[in-house]
Enquirer: 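Sharing a structure below in structure tokens format, with a few things to ask.
Residues take their numbers from the sequence shown, with the count starting at 1. This structure is a prediction, so every number in the text was calculated from the model and none was measured.
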Amino acid sequence: MPVKRTINKGKVPVKIYTDDVDPQALNQLANIAQLPFIHGHVAAMPDVHVGIGATVGAVIPTKGAIIPAAVGVDIGCGMNAVRLSVKADRLPDNLRPLRAAIEAAVPVGFAMHEGKPGVPASTVRALDGGLDRIVGKHPGILKMQKHVERIWAQQLGTLGGGNHFIELCLDENQDVWVMLHSGSRGIGNIIGRYFIDLARKDMGQHLANLPDRDLAYLQEGAQHFDDYVEAVHWAQDYAMTNRREMMRLILDALARHLPPFKLTEEAINCHHNYVAVEHHFGEKLFITRKGAIRAGAGDLGIIPGSMGAKSYIVRGKGEPESFCSCSHGAGRRMSRGKAKKAFDPQDLIAQTAGVECRKDAGVLDEIPGAYKDIDEVMANQSDLVEVVHTLKQVVCVKG
């Protein structure tokens, strides 16, 4: 389905791939479109909703500047999925031990690997030098969290909280998949917040000219621009490594509970909160995807639903107007606070029937009813991606 709505309230248009967008999100998108360095237009994916700093589901093309708050604080957050050579009928009747095994292998929430990293020393060393260079130029990063040099290593291979999850899913052929969602953990948050503050300080009195102070930006050639680019790419690499190491821990845990298996589908590991240099419409641009994934022609991606809904493995169609992008999920329909007021644990039990997962008040803000209908979201982006596999979770571990 093509672009469904275009708004013209800024220096460039905003092209939106859904009719289901709330007024606050429209206002945020209009604010982004007023910035002088936005190139061509802003694209908003079908899961678009209000975010902090910039609209979730926005694809923001910039020339000569980057908005740190648009990239956000969970830099490199994204998805990882693999298919196993195990059929549904080889899973145990009681799936709770599988959930317990995953939860024992991968720390969730604020937990981390205690005492030492849960990943190979070589993995830590591969990231260590890059962070040393960044902190050497910006020692203030270390002041934002005590012993950050120890914590970031211990958080490698951990899930975090919020909407992060690990799932066992079944596809249309009854093949078992492992899918997970996580990002750059505490160190990504620190780097994000540090450079968001730095962008505001660097803009000084010019900050007052912005439609929203969260849209403070760093200009190419300015003092801290290259430092941010280096830091954000380090955090994106960290997030990718974090997902890869988590997947290794999960597969090791599952190997003790399932028949012998191998991986039968190439692992998909894709960001949906990040910035990259890409070429579009004949120009070299910085493309910030805040809650969107790259969907270039042939690119494989993952679009998860809520913890009680279907998810999709997709192949990109390279649609130019979306800057070769698609949605990163179903997208929230209501805030976490509203979800907790609107639903109770009995609703959660009903909406996650057939899924082995937590069903208590602690995850009520992640109830499927707080999210948009994933089928409608997928219908709105039929021009952007084709569905390769349809997944339905049977086990869900929440952060």
Side-chain angles (χ1 to χ4, degrees), residues 1-7 10 12-33 38-62 67 70-72 74 76-79 163 181 183 270-276 278 280 285-297 299-306 309-333 370-387:
M1 191 173 293
V3 173
K4 300 196 71 173
R5 184 172 184 175
T6 301
I7 60 172
V12 299
V14 179
K15 300 184 179 183
I16 308 172
Y17 287 81
T18 180
D19 286 328
D20 185 7
V21 52
D22 66 77
Q24 285 182 290
L26 286 174
N27 186 59
Q28 281 191 328
L29 291 166
N31 285 342
I32 295 168
I38 304 294
H39 185 80
H41 65 274
V42 176
M45 299 299 101
D47 58 341
V48 61
H49 59 282
V50 172
I52 298 172
T55 324
V56 179
V59 182
I60 306 169
T62 58
I67 310 163
V71 180
D74 196 359
C77 186
M79 301 288 302
N163 61 353
H181 171 211
C270 57
H271 298 317
H272 55 227
N273 281 355
Y274 72 111
V275 62
E278 297 180 5
H280 296 273
L285 303 170
F286 293 104
I287 300 294
T288 296
R289 294 186 176 94
K290 185 179 181 70
I293 62 173
R294 179 172 169 80
D299 287 345
L300 288 175
I302 308 165
I303 303 176
S306 65
K310 290 176 286 189
S311 298
Y312 295 90
I313 306 297
V314 299
R315 182 178 291 112
K317 294 184 176 182
E319 202 276 322
E321 295 295 306
S322 71
F323 298 98
C324 298
S325 307
C326 68
S327 83
H328 81 311
R332 294 195 74 93
R333 184 176 297 282
Y371 284 83
K372 294 181 180 181
D373 181 344
I374 186 63
D375 290 328
E376 182 179 340
V377 168
M378 295 303 297
N380 283 334
Q381 57 188 337
S382 59
D383 280 2
L384 310 185
V385 294
E386 63 176 320
V387 174

Enquirer: Tell me every residue that passes side chain to side chain contact (heavy atoms under 4.5 Å, CB included) with A70, counting only those two or more places apart in sequence or in another chain.
Expert: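 Checked A70 against side chain to side chain contact (heavy atoms under 4.5 Å, CB included); matches are A54, I60, I67, T288.
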Enquirer: Could you list the residues that satisfy side chain to side chain contact (heavy atoms under 4.5 Å, CB included) with L300, not counting sequence neighbours?
Expert: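 Expected list: I268, R315, V388.
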Enquirer: Under the rule for salt bridge (charged side-chain N to carboxylate O under 4.0 Å, His left out), what residues qualify as partners of E278, not counting sequence neighbours?
Expert: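 Counting only residues at least two positions away or on another chain, E278 forms a salt bridge (charged side-chain N to carboxylate O under 4.0 Å, His left out) with R289, R294.
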Enquirer: Do D383 and Y17 make a side-chain contact, defined as non-hydrogen atoms from C-beta onward lying under 4.5 Å apart?
Expert: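 When only atoms from C-beta onward are counted, Y17 and D383 do not touch, as no gap falls below 4.5 Å.
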Enquirer: By the salt bridge (Lys or Arg N to Asp or Glu O under 4.0 Å) test, which pairs, at least two apart or in different chains, include something from residues 316-331?
Expert: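 Only K15-E321 qualify under salt bridge (Lys or Arg N to Asp or Glu O under 4.0 Å).
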Enquirer: Just how far is it from atom CG of D299 to atom SG of C324, taken to the nearest 0.5 Å?
Expert: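 D299 atom CG to C324 atom SG measures 8.0 Å (nearest 0.5 Å).
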Enquirer: Taking only residues two or more places apart in sequence, or in another chain, which ones meet H39 in a ring pair (Phe, Tyr, Trp, His ring centres under 6.0 Å)?
Expert: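 With neighbours one apart ignored, the set is empty.
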Enquirer: Closest approach of Y274 and V71, non-hydrogen atoms and distance?
Expert: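 Distance-wise, the nearest heavy atoms are CA-CG1, 4.2 Å.
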Enquirer: Output all residues satisfying side chain to side chain donor-acceptor pair (under 3.5 Å) with D373, sequence neighbours left out; order by chain, then residue number.
Expert: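 Once residues adjacent in sequence are excluded, D373 has no partner under the side chain to side chain donor-acceptor pair (under 3.5 Å) criterion.
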Enquirer: Side chain to side chain contact (heavy atoms under 4.5 Å, CB included) with T62: which of I38, I32, L285?
Expert: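 In the set I38, I32, L285, the residue that makes a side chain to side chain contact (heavy atoms under 4.5 Å, CB included) with T62 is I38.
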Enquirer: When rounded to the nearest 0.5 angstrom, what is the spacing between NE2 in H49 and OG1 in T18?
Expert: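 OG1 of T18 is found 12.5 Å from NE2 of H49.
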Enquirer: Which pair of heavy atoms, one from I7 and one from L26, lies closest together, and at what distance?
Expert: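 Result for this residue pair: CD1-O, 4.0 Å.
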Enquirer: Name the residue from S325, S322, S327 that meets the side-chain hydrogen bond (donor to acceptor under 3.5 Å, both in side chains) definition with Q381.
Expert: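 With Q381 as partner, side-chain hydrogen bond (donor to acceptor under 3.5 Å, both in side chains) holds for just one option, S327.
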Enquirer: Is the shortest side-chain heavy-atom distance between P304 and M79 below 4.5 Å?
Expert: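 Yes - at least one pair of side-chain heavy atoms lies under 4.5 Å apart.
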Enquirer: Taking all atoms of both residues into account, what is the closest heavy-atom pair of I293 and G301, and its distance?
Expert: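 For I293 versus G301, the nearest heavy atoms are CD1-CA, 3.8 Å.
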Enquirer: Can you list the residues that meet the side chain to side chain contact (heavy atoms under 4.5 Å, CB included) rule with A370, with sequence neighbours excluded?
Expert: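 So A370 forms a side chain to side chain contact (heavy atoms under 4.5 Å, CB included) with R332, M334, A339, I367.
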Enquirer: Roughly how far, to the nearest 0.5 Å, is NZ of K372 from CG of D20?
Expert: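 One gets 4.5 Å once the value is rounded to the nearest 0.5 Å.
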Enquirer: Would you say E386 has more than 12 foreign heavy atoms packed within less than 6.0 Å of its CD?
Expert: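 Yes, enclosed.
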Enquirer: Of all residues at least two apart in sequence or in a different chain, which pass the side chain to side chain contact (heavy atoms under 4.5 Å, CB included) check with S306?
Expert: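 Scan of S306 (side chain to side chain contact (heavy atoms under 4.5 Å, CB included), adjacent residues dropped) gives A309, P368, Y371.
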Enquirer: If I compare all heavy atoms of A33 with all of V14, which pair ends up nearest, and what's the gap?
Expert: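 In this case the closest contact between A33 and V14 is CB-CG2, 3.8 Å.
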Enquirer: Side chains of T55 and K290: does their closest heavy-atom pair fall under 4.5 Å?
Expert: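 No; the side chains remain at least 4.5 Å from each other.
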Enquirer: Identify the two heavy atoms, one from I303 and one from V385, that lie closest to each other, and give their separation to 0.1 Å.
Expert: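 Nearest pair, atom of I303 first, then V385: CD1-CG2, 4.4 Å.
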Enquirer: So do the side chains of I302 and I313 get within less than 4.5 Å of each other, counting heavy atoms only?
Expert: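 I302 reaches I313 side chain to side chain.
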Enquirer: Work out which heavy atom in V50 is nearest to a heavy atom in Q24; give both atom names and the distance.
Expert: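 Heavy-atom minimum between the residues: CG2-CB, 3.2 Å.
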Enquirer: Tell me, please, which residues at least two apart from D22 pass salt bridge (charged side-chain N to carboxylate O under 4.0 Å, His left out).
Expert: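 Salt bridge (charged side-chain N to carboxylate O under 4.0 Å, His left out) list for D22, sorted by chain: empty.
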Enquirer: Partners of N31 by side chain to side chain donor-acceptor pair (under 3.5 Å), sequence neighbours excluded?
Expert: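 N31: no side chain to side chain donor-acceptor pair (under 3.5 Å) contacts found.
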Enquirer: Would you say V59 and H280 make side-chain contact, with heavy atoms under 4.5 Å?
Expert: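 No. Closest side-chain heavy atoms not under 4.5 Å.
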Enquirer: I'd like to check the side chain to side chain donor-acceptor pair (under 3.5 Å) partners of D47; sequence neighbours left out, ordered by chain and number.
Expert: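 With sequence neighbours excluded, D47 shows a side chain to side chain donor-acceptor pair (under 3.5 Å) to H328, given in chain and number order.
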Enquirer: Report yes or no: does N273 contribute a side-chain atom to a donor-acceptor pair with the main-chain N or O of G291 at less than 3.5 Å?
Expert: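 Such a contact is found between N273 side chain and G291 backbone.
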